[in-house]
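Note that these values count all heavy atoms, side chains included, but never hydrogens, waters or copies made by symmetry. All figures in this text were calculated on a predicted structure; none of them were measured in a lab.
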Amino acid sequence: MDISVVVPLFNEAESLPELEAWIERVMNENSLSYEILFINDGSTDNSWAVIEELAAKNPCVHGVCFARNYGKSPALNTGFQRAKGDVVITMDADLQDSPDEIPELYRMIHEEGYDLVSGWKKKRYDPLSKTIPTKLFNATARKVSGIKNLHDFNCGLKAYRNEVVKHIEVYGDMHRYIPYLAKNAGYTRIGEKVVHHQARKYGKTKFGLDRFVNGYLDLGTLWFQSKFGIKPMHLFGLLGSLMFAIGFLAVLVILVLKIVALCSDSYAFYVTNSIYFYLSLAAMIIGTQFFLTGFIGELITRNSAERNSYQIRTEF
């Protein structure tokens, strides 16, 4: 099979027939074998009934229905597990992603050798309240991930080599960082294609401004996992040692001041009256906590079933 199209959706019943017909037309015009995987993320409208009707008419249509709303990342991960096509295409169900982009995305994966191609909605039809935070978010993601050539990490329209989606796990809200997940898994041939962005035709957006806050938190999680996921002691041990050293130096300052005061027959102050006493106490406690955090993290990592799980591309 040439292509699997994975479509996560929540309350998009109105757009589904038009989207399915559009995908079918594009695939037939380009003589591509395909399947469409509609992942119904706990919709409260009649989206699932529509999917059942489409599947009855078109054997290339398949559906998965969640018992409740879990989010876009679980929906994508479920679709990835079931995708059989050589190339996997993801797109949103709201008709803002054009299926006419599929043949070129397929060609870039199949002929140019990319592992992943991400769409870039260079011209958007979103309000400024959405586009400005998106630009700031993408600039931060480029800096942290090191993937300098991507302008739109969160574009729903992407193409993947099948093996890529089988070797990454998309969970929580990590769908925003699939290129980063792919890079961490060893798939570094990541490209970009300018794609057409259409105004929403039916319904309304399902995402609020809180996604930007959550996005930065998830980015921090991914950065930590990529840098210190299997060696947490390198971070926490270093921080703990530095804090403990600061506390120890503060203790030395207190001792020197106390000895000088005793030798000069001046007033011998109480140690507890010195700010250095509290500084040393806090620093040594915090340093010990950091060190123990790293130590416990190392114990957990060493006992993890995935501690020696590495993706092997080829073997002789």
Checklist entry - Do E24 and C60 have side-chain heavy atoms sitting under 4.5 Å apart? => result no

Checklist entry - Are I89 and W120 in one and the same hydrophobic cluster, where Ile, Leu, Val, Met, Phe, Trp and Tyr link if side-chain heavy atoms are under 4.5 Å apart? => result no

Checklist entry - With no hydrogens and no angle check, is any side-chain donor or acceptor of S98 less than 3.5 Å from a backbone partner on D100? => result yes

Item to check | Any D152 side-chain heavy atom under 4.5 Å of S118 side chain | outcome: no

Item to check | L238: partners by side chain to side chain contact (heavy atoms under 4.5 Å, CB included), with sequence neighbours left out | outcome: L242

Checklist entry - Any side-chain heavy atom of I39 sitting closer than 4.5 Å to one from R82? => result no

Checklist entry - Hey, are the side chains of N138 and L150 touching, using non-hydrogen atoms and a 4.5 Å cut-off? => result no

Checklist entry - Hey, is the main chain of M174 close enough, under 3.5 Å, to the side chain of S73 for a donor-acceptor pair? => result yes

Item to check | side chain to side chain contact (heavy atoms under 4.5 Å, CB included) evaluation trace for V165 with V6 | outcome: CA-CA 11 Å; V165 301; V6 177; over 6 Å; no

Checklist entry - Applying the 4.5 Å side-chain criterion to the ILVMFWY set and letting contacts propagate, would V251 and L279 be lumped into a single cluster? => result no

Item to check | Evaluation steps, side chain to side chain contact (heavy atoms under 4.5 Å, CB included), between M27 and I102 | outcome: CA-CA 8 Å; M27 296 300 185; I102 291 177; 3.8 Å; yes

Checklist entry - With distance as the sole test, does D94 use its side chain to make a donor-acceptor pair with the main-chain N or O of Q96 at under 3.5 Å? => result yes

Checklist entry - Would K121 and D97 satisfy side chain to side chain contact (heavy atoms under 4.5 Å, CB included), going step by step from the backbone distance to the final call? => result CA-CA 9 Å; K121 297 174 182 177; D97 297 331; 3.1 Å; yes

Next on the checklist: Closer than 3.5 angstrom, by distance alone: can the side chain of R142 be matched with the main-chain N or O of N149 as a donor-acceptor pair?
Outcome noted: no

Next on the checklist: If the threshold is 4.0 Å, N to carboxylate O, is there a salt bridge linking K183 and D115?
Outcome noted: no

Next on the checklist: Would a single hydrophobic cluster contain both L249 and L281, if residues Ile, Leu, Val, Met, Phe, Trp and Tyr are joined by side-chain heavy-atom contacts under 4.5 Å?
Outcome noted: no

Next on the checklist: Taking the basic N atoms (NZ, or NE/NH1/NH2) and the acidic carboxylate oxygens, is any pair closer than 4.0 Å for E104 and R107?
Outcome noted: yes

Next on the checklist: Strictly distance-based, threshold 3.5 Å: is any side-chain N or O of D2 a donor or acceptor partner for the main-chain N or O of Y34?
Outcome noted: no

Checklist entry - Tell me the ring-ring contact (aromatic ring centres under 6.0 Å, His included) pairs involving residues 86-110, sequence neighbours left out? => result Y106-H110

Checklist entry - If Ile, Leu, Val, Met, Phe, Trp and Tyr residues are connected whenever their side-chain heavy atoms lie under 4.5 Å apart, and connections chain through other members, are L32 and V195 in the same group? => result yes

Next on the checklist: The test is side chain to side chain contact (heavy atoms under 4.5 Å, CB included); show your working for I285 and M243 and say whether it passes.
Outcome noted: CA-CA 8 Å; I285 291 174; M243 293 300 295; over 6 Å; no

Checklist entry - When the ring centroid of Y187 is compared with that of Y160, is the distance short of 6.0 Å? => result no

Checklist entry - Does K72 use its side chain to pair, donor to acceptor, with the backbone of R176 at less than 3.5 Å? => result no

Checklist entry - Same cluster or not: are F277 and V253 linked, directly or through other Ile, Leu, Val, Met, Phe, Trp or Tyr residues, by side-chain heavy atoms under 4.5 angstrom apart? => result yes

Checklist entry - Are the charged groups of K84 and E35 less than 4.0 angstrom apart, N to O? => result no

Item to check | N69 side chain to G42 backbone, donor-acceptor under 3.5 Å | outcome: no

Next on the checklist: Counting C-beta onward and ignoring hydrogens, is there a side-chain heavy-atom pair between P8 and D41 closer than 4.5 Å?
Outcome noted: no

Next on the checklist: Would the distance check show the side chain of K158 and the main-chain N or O of M91 forming a donor-acceptor pair, the cut-off being under 3.5 Å?
Outcome noted: no

Next on the checklist: Counting only heavy atoms from other residues, nucleotides and ligands, does the tally under 6.0 Å from CZ of F236 exceed 12?
Outcome noted: yes

Item to check | pair Y177-V144: side-chain heavy atoms closer than 4.5 Å | outcome: no

Checklist entry - Can any side-chain N or O of T90 pair as donor or acceptor with the backbone N or O of G156 at less than 3.5 Å? => result yes

Item to check | Side chains of L181 and E169 in contact at under 4.5 Å (non-hydrogen atoms) | outcome: no

Checklist entry - Is F38 close to L19 at the side-chain level, that is, under 4.5 Å between some pair of heavy atoms? => result yes

